[in-house]
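This report concerns only the one structure given below.
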Amino acid sequence: MSGSGVPTASLPADDPIGLQAFAVLLRRMNSEFNRIAQEFAQAQGLHLTDTQALIAILDADADPEAEGEPMTPGRLRKQLNLTSGAVTACLDRLERAGHIRRVRDAGDRRVVHLHYADAARGLARDYFRPLARGTEAARSRFSAEELTVVVRFLAEMNTELALLRRGAD
């Protein structure tokens, strides 16, 4: 999980910013992220779906559709495209392993909020520290203006992916 600190531009020579180049690079990056997530899951005795659930719970605060609300089992079910039974089994494993806490809403006891446990945050932080260092090394090779464009592109890609997911619902 450690980067070399040297830019690696292996773009197709015919059109380095064309759709094919983007598709190849996005697939490569996705494959590497999946590999890292799988290794984390194995190291923790979890399923890959459990790791995906942890990421969704961690990122729930940043989800504009969530309007600042913590993740719920229902939203997690929709996001991961799982059955309610599969979500329950996943959450049971994560809670037993100390990665999450389920907290009933004070105003409506039927609503359950999912929170990333503090101890699990530290464990994940330690595990993913090399990835964070690699990300920072890559970021350091770009100007603020270039990073602004990269962030805008990633945000637009996430919007398009969310639209595709909603279209499949």
Side-chain angles (χ1 to χ4, degrees), residues 1-8 26-142 144 147-148 150-155 157-159 161-162 165:
M1 280 193 339
S2 64
S4 65
V6 177
T8 55
L26 289 170
R27 280 193 304 266
R28 284 181 191 166
M29 187 171 62
N30 186 55
S31 292
E32 286 303 313
F33 281 140
N34 285 340
R35 181 189 57 77
I36 293 166
Q38 181 66 44
E39 289 172 356
F40 176 78
Q42 287 175 343
Q44 296 304 308
L46 301 172
H47 298 234
L48 181 56
T49 302
D50 300 344
T51 301
Q52 293 167 336
L54 283 172
I55 292 166
I57 293 165
L58 181 65
D59 290 348
D61 294 338
D63 182 357
E65 291 181 14
E67 299 176 355
E69 289 293 314
M71 181 61 76
T72 64
R75 278 187 32 229
L76 185 63
R77 181 190 63 74
K78 283 183 77 175
Q79 187 168 336
L80 297 181
N81 196 28
L82 298 173
T83 65
S84 48
V87 167
T88 299
C90 172
L91 295 176
D92 288 346
R93 286 189 300 270
L94 290 173
E95 193 170 43
R96 264 193 317 274
H99 288 281
I100 66 160
R101 294 178 297 111
R102 294 183 219 195
V103 178
R104 296 228 174 249
D105 184 273
D108 184 349
R109 303 284 297 153
R110 296 170 297 175
V111 176
V112 175
H113 292 157
L114 306 172
H115 298 278
Y116 210 116
D118 290 338
R121 280 182 195 270
L123 182 111
R125 191 178 306 112
D126 291 344
Y127 187 89
F128 291 105
R129 188 167 284 128
L131 176 59
R133 281 194 296 264
T135 301
E136 188 53 36
R139 286 181 67 242
S140 72
R141 294 190 287 271
F142 292 85
L147 288 172
T148 299
V150 170
V151 167
R152 198 173 99 230
F153 171 77
L154 293 173
M157 279 301 303
N158 283 324
T159 297
L161 291 169
R165 185 177 62 235

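These values consider heavy atoms only, across backbone and side chains, with no hydrogens, waters or symmetry-generated copies.
The two residues R75 and P70 come nearest to each other via the heavy atoms NH1-O, 2.9 Å. Closest approach of L114 and P73 over heavy atoms only: CD1-N, 3.8 Å. What you find for A43 and Y127 is that their closest heavy atoms are CB-CE1, 4.3 Å. The nearest pair of heavy atoms linking Y116 to L54 is CE1-O, 3.6 Å. For G98 against A120, the heavy-atom pair with the smallest separation is O-CB, 3.8 Å.
Partners of D105 according to the side chain to side chain donor-acceptor pair (under 3.5 Å) rule, which considers only residues two or more places apart in sequence or in another chain, do not exist here. For D118, the salt bridge (Lys or Arg N to Asp or Glu O under 4.0 Å) criterion is met by no residue, not counting sequence neighbours. When the salt bridge (Lys or Arg N to Asp or Glu O under 4.0 Å) test is applied to R152, no partner is found at least two apart in sequence or on another chain. Residues passing the side chain to side chain donor-acceptor pair (under 3.5 Å) test with R139, sequence neighbours excluded: E136. Residues passing the side chain to side chain contact (heavy atoms under 4.5 Å, CB included) test with L82 are T49, L80, A86, V87, sequence neighbours excluded. By the side chain to side chain donor-acceptor pair (under 3.5 Å) test, R96 is found to be paired with no residue, residues two or more places apart in sequence or in another chain being considered. Under the side chain to side chain contact (heavy atoms under 4.5 Å, CB included) criterion, R110 pairs with D108, not counting sequence neighbours. Partners of A138 by side chain to side chain contact (heavy atoms under 4.5 Å, CB included), not counting sequence neighbours, listed by chain and number: R141. With sequence neighbours excluded, the residues forming a side chain to side chain contact (heavy atoms under 4.5 Å, CB included) with L154 are V150, listed by chain and number. Every residue two or more places apart in sequence or in another chain that forms a side chain to side chain donor-acceptor pair (under 3.5 Å) with E95 is listed here: R102.
Counting only residues at least two apart or in different chains, ring-ring contact (aromatic ring centres under 6.0 Å, His included) contacts with residues 68-104 are absent. Screening residues 41-55 for salt bridge (Lys or Arg N to Asp or Glu O under 4.0 Å), with sequence neighbours left out, gives D50-R93.
Note: F128 CZ to L123 CG = 9.0 Å, rounded to the nearest 0.5 Å. Atom CZ of R129 and atom CG of D126 lie 4.5 Å apart (nearest 0.5 Å). Annotation: the span from T72 atom OG1 to H113 atom NE2 amounts to 7.0 Å, rounded to 0.5 Å. Note: F40 CZ to L131 CG = 12.0 Å, rounded to the nearest 0.5 Å. The structure places CD of Q42 at 9.5 Å from OG1 of T51, a figure rounded to the nearest 0.5 Å. The CD1 atom of I55 sits 11.5 Å away from atom CE of M71, with the distance rounded to the nearest 0.5 Å.
Remark: side-chain polar atoms of R77 are not paired, donor with acceptor, to backbone N or O of S84 under 3.5 angstrom.
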Inset, instruction - Please lay out, stage by stage, how V112 and L91 fare under the test side chain to side chain contact (heavy atoms under 4.5 Å, CB included). - result: CA-CA 11 Å; V112 175; L91 295 176; over 6 Å; no

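A salt bridge does not link E32 with R28: every distance from a Lys NZ or Arg NE/NH1/NH2 to an Asp or Glu carboxylate oxygen is 4.0 Å or more.
Around CZ of F142, the count of heavy atoms belonging to other residues, nucleotides or ligands within 6.0 Å does not exceed 12.
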